[in-house]
Amino acid sequence: MIDKNSPLPIYFQIEEQIKRKIENGEFQAHDALPSEREYAEQFEISRMTVRQAINNLVNDGYLYRQKGRGTFVADKKLEQQLNGLTSFTEDMKARGLNPSSKLLSFEIIPADKKIASELHISLYAPVYEIKRIRLADDVPMALETVYMSANLIKGLTEEIINLSLYQYVENYVKLKIDYASQTLESSIASELEVTHLAIPKHSPILFIQRNTFLIDGTPLEYVKSAYRADRYKFTINISR
Ligand code: 16G
């Protein structure tokens with residue numbers, strides 16, 4: 001119900017009501033939402049107000065629009081804890097999703113100034129540059145570019161990359177991955193990201209950079225990833 005005497009704006013009340021229906025399962029992913037007109041008539045409010053509520057929910061990733069078809073309930077965002085140092089493979093398996101990768105490119109390149117400084121190696125030293133799309137149950141979630149010293153991690157192959165890098169480093173090269181420092185910022189999807197993540201042009205993305213270190217402090221990788229902002233949500237536990 002909408003309370004017109006409430007100090008809460010009407011668009012906000014509509015948003016909350018739709019969110020509640022999504023949370024309690026009354027609206028399922030990919031269900032069509034009632035039209036703006038239906039909402040306006042039901043609550044006796046203007047279509048502008050309904051549109052404002054729906055726009056906000058589209059921007060927040062609860063709903064999505066399809067040209068000429070209407071507005072639909074979006075898949076729930078994947079919620080990822082930022083408290084542990086895990087790999088994409090581990091994260092997806094922990095959720096019961098099937099992880100996979102689509103390799104876009106895999107090369108050995110000479111380290112430029114930036115990469116050499118991130119990996120603490122000399123300028124022009126050989127590094128792997130690995131660009132992968134990471135998928136969960138065949139849905140593209142992130143586009144990831146990993147840089148790793150080719151002198152440190154020998155014998156990387158396409159087959160290994162299509163499985164798990166962390167598994168190879170720990171179980172085959174037998175190096176101990178210990179800690180990482182990570183930054184997360186918002187950005188707008190590049191053309192490459194739009195294409196490979198199957199998102200609309202100019203979509204927001206979560207841009208993550210991770211520097212991962214081995215137990216002796218040696219840098220293992222420098223990673224730049226673009227995560228879909230409509231599918232991902234990060235949580236951090238804080239205490240005092
Ligand atoms: C995650 C890591 C990435 C790492 C990859 C290994 C972030 C932002 N990135 O995607 O740094 O290289 O896992 O995954 O979390 P893999 O073992 O499945 O290949």
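Counting from 1, the numbers follow the sequence of the chain as shown. When a ligand or atom number is given, it counts from 1 through the structure's own listing order.
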For Thr89, atoms of ligand 1 separated by under 4.0 Å from a heavy atom: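 Selected atoms, number and element: 16 (P), 18 (O).
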
Need the ligand 1 atom indices (1-based, order shown) with element for anything under 4.0 Å from a heavy-atom of Glu221.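 Matching atoms, with element in brackets: 3 (C), 4 (C), 11 (O), 12 (O).
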
Polar contacts were defined as any N/O atom of the residue lying under 3.5 Å from an N/O atom of the ligand; does this apply to [X] and ligand 1?
X	result
Gln167	no
Gln80	no
Arg132	yes
Phe88	yes
Thr86	no
Ser164	yes
Thr212	no

Can you tell me how far [atom2] of [Y] sits from [atom1] of [X], rounded to the nearest 0.5 angstrom?
X	Y	atom1	atom2	value
Asn98	Thr89	CG	OG1	10.0 Å
Glu44	Ile2	CD	CD1	11.5 Å
Ser187	Ile208	OG	CD1	12.0 Å
Met141	Arg231	CE	CZ	4.0 Å

Would you say the side chain of Leu163 lies within less than 4.5 Å of the side chain of Glu159, judging by non-hydrogen atoms?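 Heavy-atom side-chain distance check fails, nothing below 4.5 Å.
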
Is the NE2 atom of His30 crowded by more than 12 outside heavy atoms at less than 6.0 Å?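 Above 12, so yes.
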
Might you confirm whether atom NZ of Lys201 has over 12 heavy atoms from other residues, nucleotides or ligands at distances under 6.0 Å?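 No, NZ of Lys201 has 12 or fewer neighbouring heavy atoms, counting only those of other groups under 6.0 Å.
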
Glu16/Lys19 salt bridge by N-O under 4.0 Å criterion: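 Result for this pair is yes, salt bridge flagged.
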
Inspect the contact between Arg228 and Asp230 and indicate whether a charged nitrogen and a carboxylate oxygen are less than 4.0 angstrom apart.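 Salt bridge: yes.
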
Below 30° counts as parallel, above 60° as perpendicular, anything between as tilted: where do the rings of Phe213 and Tyr179 land?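 Plane angle under 30°, so parallel.
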
Shortest protein contact, [atom] (heavy atom only):
atom	answer
atom 15 (O) of ligand 1	Arg210 NH2, 2.7 Å
atom 19 (O) of ligand 1	Leu165 N, 2.7 Å
atom 10 (O) of ligand 1	Glu144 OE2, 2.4 Å
atom 14 (O) of ligand 1	Arg134 NH1, 3.3 Å

With heavy atoms under 4.0 Å as the rule, classify the contact between [X] and ligand 1 as side chain, backbone, both or neither.
X	answer
Glu90	neither
Val223	side chain
Gln209	neither
Ile208	side chain

Examine ligand 1 and decide if any of its atoms is less than 4.0 Å from a heavy atom belonging to Tyr168.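 False for this residue.
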
Run the side-chain contact (heavy atoms from CB on, under 4.5 Å) check on Tyr128 and Ile161 step by step: do they pass? CA-CA 11 Å; Tyr128 297 113; Ile161 295 165; over 6 Å; no

